[in-house]
Each structure stands twice: as structure tokens, then as C-alpha cells.
Amino acid sequence: ATRVPWEKSETALFGPVDFYGFDPSMDSWPVNKTDLDAVLASGPALTPGTVANFETNLRGFHTIEYLLWGEDSQKPASALTSREKEYLVATTTDLKNTTGSLLAAWATGYNGQQPYALEVVNAGQGSTSFLTERSAIEQMVQGMIGICDEVANGKIADPFDLKNPNIVESQFSFNSIADFANNIRGGREAFVTSVSLLIAERNAALNARVIAQFDTAIAAISAIPEPFRNAILDPANNGVITNAQTKIRELTATLQGEVLPTILS
């Protein structure tokens with residue numbers, strides 16, 4: 001449940017999440033099982049403070065995922081050791097602290113800076129990040145393009161092309177397909193709430209086509225059998241996986257080749 005709003009928000013991996021380095025400390029993957037097991041086998045106490053100083057692939061969502069689900073999504077709660085519980089509490093608290101800082105950076109101010117939301121709201125009217133309203137909208141669309149590219153050509157392509165389940169995102173909880181789909185849902189929501197009205201005024205047909213392409217891409221991703229880590233190893237799934245990539249790439253091409261020029265014209 002916690003992954004849903006985060007995966008949707010990855011269409012906006014700019015601003016505080018980028019320049020404060022929040023994203024890597026929250027969501028680095030793949031995690032290194034050998035190093036995670038080494039932490040569990042070590043002696044020092046695990047606190048939020050000590051975890052905050054760990055390498056990013058020993059913190060965040062996917063460390064929590066490994067501790068909760070184990071390697072095959074079948075780990076019962078009774079199997080958690082006292083050391084795993086200690087690590088789980090520490091790294092979950094660390095994640096909560098980081099997400100709290102991210103929220104503050106956007107909403108109330110962080111590190112002596114005003115809320116970043118004001119940079120967006122005041123685009124073209126005193127914003128130091130966005131000198132024009134158009135530049136803020138362009139950044140939003142670039143965020144959509146970026147997450148579409150990452151899903152099609154990174155999150156799906158890397159493990160699929162290499163047939164390597166160990167580099168699948170959310171592989172322990174069998175939540176990969178939901179993550180991929182929510183990345184694109186987040187792009188759709190961002191488009192509808194921040195860009196669609198402008199595009200519709202200039203090209204109603206393009207606006208309708210983009211929304212339809214978002215929906216088609218989400219449906220194509222959702223058609224891939226879960227768990228994704230197993231689906232990539234079965235040649236019978238090659239067509240449905242490739243189709244999902246194709247639909248996301250078609251959406252990306254439209255955003256890049258038609259939506260951006262419409263905004264910038």
C-alpha cells in the first residue's frame with residue numbers, strides 16, 4: 001500500500017527528491033542480498049541513525065521488502081528473527097524520516113528553503129526554478145517521459161533482456177507489475193491534472209489520444225503475468241511483455257514528439 005503513492009509520484013522525480021538525494025535512499029534497487037545478510041549477521045545495534053549512514057542499497061523500500069517477504073514472497077511473520085525485526089524497525093523509521101523530509105521540502109520548507117510547491121505555483125512570477133509557466137509545464141512532461149522510458153527500457157527491459165530475476169524491482173513481494181503500472185498511472189494523473197487542459201485547448205484530438213495511450217499502456221503492463229521475475233523466464237510470455245514495452249514507447253514518442261512541441265510552440 002505504501003508503494004502505490006510513491007510509484008505514482010515517480011513521474012515527478014525532479015526538485016527536492018532529486019537535489020537532496022531522497023530517491024536513492026528510499027528506493028535503490030536491486031538490493032544486494034549478500035550485503036543485507038551481512039548486516040543481519042553483524043553485531044552492532046541497528047537504529048535509524050546507523051541505517052541512515054548505510055549505503056543506499058541497504059536502506060529503503062526494497063530492504064524492507066526483503067525483510068518482510070524473504071526471497072520468494074512466502075515468508076511467514078513467525079519466521080522473523082529478533083535481528084530482522086530490529087533492522088526492520090530501524091530501516092522503516094529511516095524511510096519514514098526521509099519521506100517526511102521530502103514532504104516538507106515540497107509543502108512547508110526544508111533545509112532553509114521555501115516550499116518547492118511555491119516554485120511551481122509561482123512559475124513565471126518570481127520562481128527561481130521556473131522562469132516561465134511554460135518551463136514548469138515542460139518539466140512535468142519531461143518527468144512523464146522519463147518515467148515511461150525507465151519502465152519500458154529499464155525496469156522491464158533490463159531483467160527481460162538478460163533473463164535475470166535478480167535485477168527485477170520488487171521481486172521479493174511479487175509486486176513488480178503493480179509498481180510498473182502505478183508508474184504509468186502517476187504519469188496519467190499528472191497529465192490530466194496539469195497538462196491536459198492546455199493541450200486540449202490547442203489540439204483536442206492529441207489530448208484524447210495521449211490519455212488513451214496512457215490507458216492502453218497501463219492495460220498492457222497489467223496483462224503481464226505476475227510474478228514478473230518468473231514471467232521473464234517463460235518464452236510464452238515474450239509477446240505480452242514486448243507488447244507492454246511497445247505501448248509505453250508509443251506513449252513516450254507522443255509525449256516527446258507531439259506534446260512537448262505543442263507546449264513549446
Side-chain angles (χ1 to χ4, degrees), residues 3-15 17-18 23 27 29 120 130 133-162 167-170 175-229 231-232 237-265:
R3 290 287 287 174
V4 174
W6 168 247
E7 291 301 295
K8 286 184 175 182
S9 79
E10 286 197 309
T11 194
L13 291 180
F14 57 86
V17 72
D18 176 29
D23 182 18
D27 200 28
W29 64 277
V120 179
F130 304 106
E133 291 182 348
R134 183 175 294 169
S135 66
I137 298 171
E138 180 184 3
Q139 176 65 83
M140 295 174 191
V141 176
Q142 291 287 9
M144 299 170 205
I145 292 168
I147 194 59
C148 286
D149 176 71
E150 182 179 355
V151 174
N153 302 318
K155 294 185 178 188
I156 293 177
D158 289 347
F160 178 49
D161 292 348
L162 297 173
I167 58 174
V168 170
E169 185 178 29
S170 297
N175 200 54
S176 309
I177 302 303
D179 277 3
F180 304 161
N182 282 325
N183 282 155
I184 307 304
R185 286 190 184 98
R188 186 190 191 283
E189 291 176 8
F191 181 84
V192 169
T193 58
S194 67
V195 181
S196 179
L197 182 61
L198 175 61
I199 299 300
E201 288 175 348
R202 299 183 176 189
N203 189 331
L206 173 60
N207 180 66
R209 179 154 49 88
V210 172
I211 294 173
Q213 285 185 318
F214 269 114
D215 291 338
T216 299
I218 293 165
I221 293 168
S222 300
I224 301 172
E226 189 74 279
F228 185 66
R229 60 178 293 171
I232 61 175
N237 296 318
N238 287 356
V240 71
I241 295 173
T242 300
N243 181 62
Q245 292 177 288
T246 297
K247 297 308 180 185
I248 301 168
R249 288 166 180 160
E250 289 173 352
L251 168 62
T252 306
T254 303
L255 292 170
Q256 183 79 58
E258 299 184 57
V259 172
L260 272 183
T262 301
I263 290 170
L264 297 177
S265 62

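The basis for the numbers below is simple: all heavy atoms, side chains too, and nothing from hydrogens, waters or symmetry mates.
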Worksheet item: Should Val240 and Pro225 count as side-chain neighbours, where that means a heavy-atom distance under 4.5 Å?
Response: yes
Discussion item. Under the rule for salt bridge (charged side-chain N to carboxylate O under 4.0 Å, His left out), what residues qualify as partners of Lys155, not counting sequence neighbours?
Written reply: Glu7, Glu10, Glu169
Worksheet item: So how far is it from Thr11 OG1 to Arg185 CZ, rounded to the nearest 0.5 Å?
Response: 14.0 Å
Item to complete: Assess whether side chain to side chain contact (heavy atoms under 4.5 Å, CB included) is satisfied between Val210 and Ile199, documenting all intermediate values.
Response: CA-CA 10 Å; Val210 172; Ile199 299 300; 5.8 Å; no
Item to complete: Please name all residues satisfying salt bridge (charged side-chain N to carboxylate O under 4.0 Å, His left out) with Asp23, sequence neighbours left out, ordered by chain then number.
Response: none
Item to complete: Let me see the working for Arg202 and Asn207 under side chain to side chain donor-acceptor pair (under 3.5 Å), right down to the final yes or no.
Response: CA-CA 9 Å; Arg202 299 183 176 189; Asn207 180 66; over 6 Å; no
Practice prompt. Please name the residue in the list Ile184, Asn182, Ile248 that meets the side-chain contact (heavy atoms from CB on, under 4.5 Å) test with Ile218.
Written response: Ile184
Item to complete: Check the pair Leu251 / Lys247 against side chain to side chain contact (heavy atoms under 4.5 Å, CB included), numbers first and verdict last.
Response: CA-CA 6 Å; Leu251 168 62; Lys247 297 308 180 185; over 6 Å; no
Worksheet entry | Partner residues of Asp215 under the side-chain hydrogen bond (donor to acceptor under 3.5 Å, both in side chains) criterion, sequence neighbours left out | Arg188
Item to complete: Dump the intermediate steps for side chain to side chain contact (heavy atoms under 4.5 Å, CB included) on Phe14 and Gln142, then the final yes or no.
Response: CA-CA 10 Å; Phe14 57 86; Gln142 291 287 9; over 6 Å; no
Discussion item. Donor-acceptor check, side chain of Ser9 to backbone of Trp6, threshold 3.5 angstrom: yes or no?
Written reply: yes
Practice prompt. Measure the OG-CE distance between Ser135 and Met140 for me, rounded to the nearest 0.5 Å.
Written response: 9.5 Å
Worksheet item: Given the rule in the side chain to side chain contact (heavy atoms under 4.5 Å, CB included) test, do Ile137 and Phe130 qualify, once you have shown the distances and angles that lead to the verdict?
Response: CA-CA 9 Å; Ile137 298 171; Phe130 304 106; over 6 Å; no
Discussion item. Once you measure the plane-to-plane angle for Phe214 and Phe191, does it fall in the parallel (<30°), tilted (30-60°) or perpendicular (>60°) bin?
Written reply: tilted
Worksheet item: Residues in side-chain hydrogen bond (donor to acceptor under 3.5 Å, both in side chains) with Asn175, at least two apart?
Response: Asp179
Worksheet item: Nearest heavy-atom pair of Arg249 and Ala152: which atoms, and what distance?
Response: NH2-O, 3.9 Å
Item to complete: Could you tell me which residues satisfy salt bridge (charged side-chain N to carboxylate O under 4.0 Å, His left out) with Glu133, sequence neighbours excluded, listed by chain and number?
Response: none
Worksheet entry | Heavy-atom closest pair, residues Ala231 and Ile241 | O-CD1, 4.0 Å
Discussion item. Within the 4.5 Å heavy-atom criterion, are Glu226 and Ser176 side-chain neighbours or not?
Written reply: yes
Discussion item. Check whether Asn183 reaches the backbone of Ile147 with its side chain - one donor and one acceptor, N or O, closer than 3.5 Å.
Written reply: no
List the atom pairs, with distances to 0.1 Å, where a side-chain N or O of residues 254-265 and a protein N or O form a donor-acceptor pair under 3.5 Å, not counting sequence neighbours.
{"residue": "Thr254", "atom": "OG1", "partner": "Gln213", "partner atom": "OE1", "Å": "2.8"}
{"residue": "Thr254", "atom": "OG1", "partner": "Gln213", "partner atom": "NE2", "Å": "3.3"}
{"residue": "Thr254", "atom": "OG1", "partner": "Glu250", "partner atom": "O", "Å": "3.1"}
{"residue": "Glu258", "atom": "OE1", "partner": "Arg209", "partner atom": "NH2", "Å": "2.7"}
{"residue": "Glu258", "atom": "OE2", "partner": "Arg209", "partner atom": "NH1", "Å": "3.1"}
{"residue": "Thr262", "atom": "OG1", "partner": "Glu258", "partner atom": "O", "Å": "2.7"}
{"residue": "Ser265", "atom": "OG", "partner": "Pro261", "partner atom": "O", "Å": "3.4"}
{"residue": "Ser265", "atom": "OG", "partner": "Thr262", "partner atom": "O", "Å": "2.8"}

Response to the item:
Distance col, row Asn238:CG vs Asn243:CG, nearest 0.5 angstrom, shows 12.5 Å
Item to complete: Could you check if a side-chain atom of Val151 sits within less than 4.5 angstrom of a side-chain atom of Ile156, using non-hydrogen atoms only?
Response: yes
Worksheet item: Taking all atoms of both residues into account, what is the closest heavy-atom pair of Pro159 and Val168, and its distance?
Response: CB-CG2, 3.5 Å
Item to complete: Indicate the atoms forming the closest heavy-atom contact of Trp29 with Ile167, along with that distance.
Response: CZ3-O, 2.8 Å
Worksheet entry | Inter-residue atom distance Thr216.OG1 - Ile211.CD1, 0.5 Å rounding | 12.0 Å
Worksheet item: Which heavy-atom pair separates Cys148 from Thr252 by the least distance, and what is that distance?
Response: CB-OG1, 3.1 Å
